[in-house]
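FYI, side chains are in, hydrogens and waters are out, and symmetry mates aren't considered; it's all heavy atoms of this structure. Letters A, B, ... mirror the listed sequences (proteins, then strands); counts begin at 1.
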2 protein chains.
Amino acid sequence: MAGNTFHKLRDEIENGIVTGEFEPGERLDEVQLATRYGVSRTPIREALMQLSAIGFVEIRPRRGAVVVDPAPERVFEMFEVMAEMEGMAGAFAARRHTEEDRAALVAAHAQCEAAAISEDTDRYYYENETFHRAIYAASHSGFLEEQCIALHRRLRPYRRLQLRVRNRMKVSLKEHGDIVAAILAGDMEAARTLLRGHIAVQGDRFGDLVATLGKRDRRKSLMG
Amino acid sequence: MAGNTFHKLRDEIENGIVTGEFEPGERLDEVQLATRYGVSRTPIREALMQLSAIGFVEIRPRRGAVVVDPAPERVFEMFEVMAEMEGMAGAFAARRHTEEDRAALVAAHAQCEAAAISEDTDRYYYENETFHRAIYAASHSGFLEEQCIALHRRLRPYRRLQLRVRNRMKVSLKEHGDIVAAILAGDMEAARTLLRGHIAVQGDRFGDLVATLGKRDRRKSLMG
DNA sequence: TACGCCATTCTTGTATACATAAAGATTGAC
DNA sequence: GTCAATCTTTATGTATACAAGAATGGCGTA
């Protein structure tokens with residue numbers, strides 16, 4: 001076994017949470033995970049410790065680890081902060097982007113457009129992520145980039161169905177276009193405002209999120 | 001031993017890093033820590049795992065844990081993000097503060113003023129933290145509050161001498177006054193801008209930080 | 001004397017064993 | 001029949017044991 005099993009396990013379990021394999025509120029049994037991954041409890045525990053520090057799981061003393069199941073208000077707060085962080089990244093990008101950043105942004109936007117035209121939501125989801133990461137990179141703040149990526153991952157379980165909403169892809173693409181224009185024009189405040197609005201949970205998307213959270217709560221109450 | 005030794009150890013070690021007992025770049029020997037705290041290596045490792053997930057320590061495979069020693073640019077980036085996060089909290093606070101928040105803010109500001117008048121930098125440092133936490137609380141975003149507190153802690157090793165700079169306390173107090181006014185007036189953008197400027201590393205403070213980092217780097221190079 | 005190779009030692013990473021608290025079941029009393 | 005108390009069971013928390021990769025020092029050779 002390579003030197004850093006716990007690191008791989010951390011990624012593995014985190015991925016399971018992010019993709020919804022382990023649902024919010026689900027109990028994470030140490031021995032069960034250990035047998036599943038063919039290791040002992042020790043590296044499993046170390047992985048869970050790391051995940052608890054990031055906020056993916058909660059470890060209650062003597063009662064084991066569960067996937068964090070934040071209250072709806074907390075999820076809204078997280079989206080709210082995400083919106084501001086993206087705005088921040090956009091503002092920095094507008095001020096600091098290089099020629100390469102510009103090319104990457106335009107290319108990522110074009111890929112999103114292609115995905116939107118072919119109405120391939122899965123592909124759009126992927127290209128959308130590339131687009132946003134291009135903005136983070138263009139901010140030229142490695143720290144901000146990391147923070148954005150981390151928060152983005154944490155929110156992924158709550159963003160799953162968003163793009164399947166009617167017309168969301170087209171609206172999203174239009175917003176991307178405006179964002180690219182603002183960044184390339186070096187307009188910090190426009191980039192900030194547009195990105196904030198692009199991410200923010202408001203209008204229809206508010207209802208979508210409520211529906212998602214509602215489903216989750218129903219399931220939870222069924223399970224006791 | 002109570003059920004959550006690793007949790008206490010995590011706080012203990014994190015505190016050691018924050019207060020400078022464990023300096024950036026310092027190696028954290030597992031058995032050494034274990035004997036020091038009178039426990040086995042297991043909970044020590046679990047604590048270190050958590051600290052590595054937050055970014056306080058770095059665990060290199062098969063080569064142990066060291067206190068993270070970020071490059072100067074990274075420290076600047078962290079301050080930059082901190083400034084924006086504080087601005088965010090201020091903007092939210094301006095919009096959402098309640099009567100109790102208002103009272104807490106005014107009271108915290110008064111305590112800062114008292115500390116400044118008595119020229120007690122240690123006390124001002126403490127009251128200043130209370131003041132900023134009052135702003136986080138007034139943002140009415142538990143998530144943002146947590147993020148701000150966490151980043152604030154991470155930056156503490158680099159903020160140590162800041163208030164001892166000539167006149168910094170008076171300038172800081174003046175800025176606090178303007179910030180309180182903006183928040184109480186409900187002026188989101190003024191609160192944001194003022195707090196951003198209050199935290200940002202610029203002008204004299206840039207030099208102070210460079211000096212601090214310089215000292216650290218010199219030490220590091222002496223140690224190989 | 002300097003450089004490189006090998007052996008020893010030390011430390012980390014993982015597994016297992018043991019202690020203990022919480023959850024669940026069973027029995028007894030009212 | 002229901003509730004409660006106790007015992008059993010199960011899983012977590014910690015310690016210890018073992019395996020294996022780095023670091024270190026010594027030895028030999030150029």
(message) For B/K8, is there an ion pair with B/E12 - N to carboxylate O distance below 4.0 angstrom?
(response) no

(message) Determine whether B/R96 and A/E77 satisfy the following criterion, salt bridge (charged side-chain N to carboxylate O under 4.0 Å, His left out), listing intermediate values before the conclusion.
(response) CA-CA 13 Å; B/R96 303 175 183 165; A/E77 288 169 8; over 6 Å; no

(message) Less than 4.0 angstrom from a charged side-chain N to a carboxylate O is my criterion; do A/R36 and A/E21 meet it?
(response) yes

(message) Check this for me, if you would: do B/R159 and B/E129 make a salt bridge, where the nitrogen-to-carboxylate-oxygen distance has to be below 4.0 angstrom?
(response) no

(message) Both B/A65 and B/T42 contact DNA chain C. Taking the nearest nucleotide for each, which residue is further toward the 5' end?
(response) B/A65

(request) State whether B/E84 and A/R192 are salt-bridged, where the test is any N-O pair (Lys NZ or Arg NE/NH1/NH2 against Asp/Glu carboxylate O) under 4.0 Å. (result) yes

(message) Go nucleotide by nucleotide along DNA chain C from the 5' end; which of A/S40 and B/D29 gets its closest nucleotide reached first?
(response) B/D29

(request) Give a yes-or-no answer on whether the side chains of B/Y136 and B/E86 include a donor-acceptor pair shorter than 3.5 Å. (result) yes

(message) Just the rounded figure in Å: distance from P of C/dG13 to CZ of A/R10.
(response) 15 Å

(message) What is the distance, to the nearest angstrom, from the CE atom on A/M49 to the C1' atom on D/dT14?
(response) 11 Å

(message) Please report the distance, rounded to the nearest Å, between CG in A/L48 and P in D/dA11.
(response) 15 Å

Enumerate all atom pairs, one protein N or O and one N or O from nucleotides 19-24 of chain D, separated by less than 3.5 Å.
unit_1	atom_1	unit_2	atom_2	d
D/dG21	O4'	B/R62	NE	3.4
D/dA23	OP1	B/R63	NE	2.6
D/dA23	OP1	B/R63	NH2	3.2

(request) Using side-chain contact (heavy atoms from CB on, under 4.5 Å) as the criterion, point out the one residue from B/L28, B/I13, B/L51 that pairs with B/V67. (result) B/L28

(message) Using whole Å, what does the distance between atom P of nucleotide D/dA15 and atom CZ of B/F6 come to?
(response) 13 Å

(request) Fit a plane to each ring of B/H176 and B/H132, take the angle between them on a 0 to 90° scale, and name the class: parallel (under 30°), tilted (30 to 60°) or perpendicular (over 60°). (result) perpendicular

(request) Can you tell me the distance, in whole Å, between the CG atom of A/L9 and the C1' atom of C/dG13? (result) 12 Å

(request) Find the distance A/R27:CZ to D/dA11:C1' and express it as a whole number of Å. (result) 7 Å

(request) To the nearest Å, give me how far apart CZ (A/R41) and P (D/dT14) are. (result) 11 Å

(message) Please pick, from D/dG13, C/dT12, C/dA15, the nucleotide with the shortest atom-to-atom distance to any side-chain atom of B/E30.
(response) C/dT12

(message) Could you tell me how far apart A/R60 (CZ) and C/dA23 (P) are, to the nearest whole angstrom?
(response) 8 Å

(message) Let me check the geometry of the helix from C/dT1-D/dA30 to C/dC30-D/dG1. What is the bend angle between the axes at its two ends, five pairs each, to 10°?
(response) 0°

(request) Please check if any side-chain donor atom of A/H152 sits under 3.5 Å from a side-chain acceptor atom of A/R133, or the reverse. (result) no

(request) Answer yes or no: does a side-chain N or O of A/T5 lie under 4.0 Å from OP1 or OP2 of C/dG13? (result) no

